[in-house]
Amino acid sequence: MVKRGSPYLRWAMYHISRLVAIYSPTFKAYYEKKLSEGKHYNVVLSHIVKKLMRVIFYMRKTDEAIKKLNDPNLNF
């Protein structure tokens with residue numbers, strides 16, 4: 001993992017990736033795929049962080065999350 005940037009963001013993303021790997025079916029499949037390739041647990045989590053950052057960047061770029069939150073049919 002690159003040691004540039006915010007150490008707090010890196011710490012948060014690392015811990016978020018553990019939870020995402022448990023609860024998201026897509027990320028769980030990706031996690032298991034990387035483990036089956038023989039990667040170490042920490043390396044797998046860093047791959048998940050990278051993938052999660054790409055997803056977050058895409059959602060911010062396209063305002064997809066904001067569109068979903070403004071959907072009147074969305075129930076919380």
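Not measured: the values here are computed from a predicted model.
Residues Lys34 and His47 come closest through the heavy atom pair CE-ND1, 4.1 Å. Between Val43 and Lys39, the closest heavy-atom pair is CG1-CD, 3.8 Å. Minimum interatomic distance between Met53 and Met13 (heavy atoms only, all atoms of both residues): SD-CE, 3.3 Å.
Looking at heavy atoms from C-beta onward, Tyr31 lies out of side-chain contact with Ile22 at the 4.5 angstrom threshold. Residues Lys51 and Val20 have side chains not in contact (no heavy-atom distance under 4.5 Å, counting atoms from C-beta outward). At a threshold of 4.5 Å between non-hydrogen side-chain atoms, the residues Lys28 and Glu32 count as touching.
Of the inter-residue distances, the one linking Phe27 atom CZ with Leu52 atom CG reads 5.0 Å to the nearest 0.5 angstrom. The structure places CH2 of Trp11 at 8.5 Å from CD1 of Ile16, a figure rounded to the nearest 0.5 Å. For the atom pair OG (Ser46) and NE2 (His40), the distance works out to 11.0 Å, reported to the nearest 0.5 Å.
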*May I have the step-by-step check of side chain to side chain contact (heavy atoms under 4.5 Å, CB included) for Arg54 and Lys50, ending in yes or no?*
CA-CA 6 Å; Arg54 288 193 308 260; Lys50 186 176 177 182; 3.5 Å; yes
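Heavy atoms from other residues, nucleotides or ligands lying under 6.0 Å from OH of Tyr41 number more than 12.
Taken together through direct or relayed side-chain contacts under 4.5 Å among Ile, Leu, Val, Met, Phe, Trp and Tyr, Leu9 and Leu45 form part of one hydrophobic cluster. Connection of Met59 to Ile56 is established within a shared hydrophobic cluster, with ILVMFWY side chains joined at heavy-atom distances below 4.5 Å, either directly or through further cluster members.
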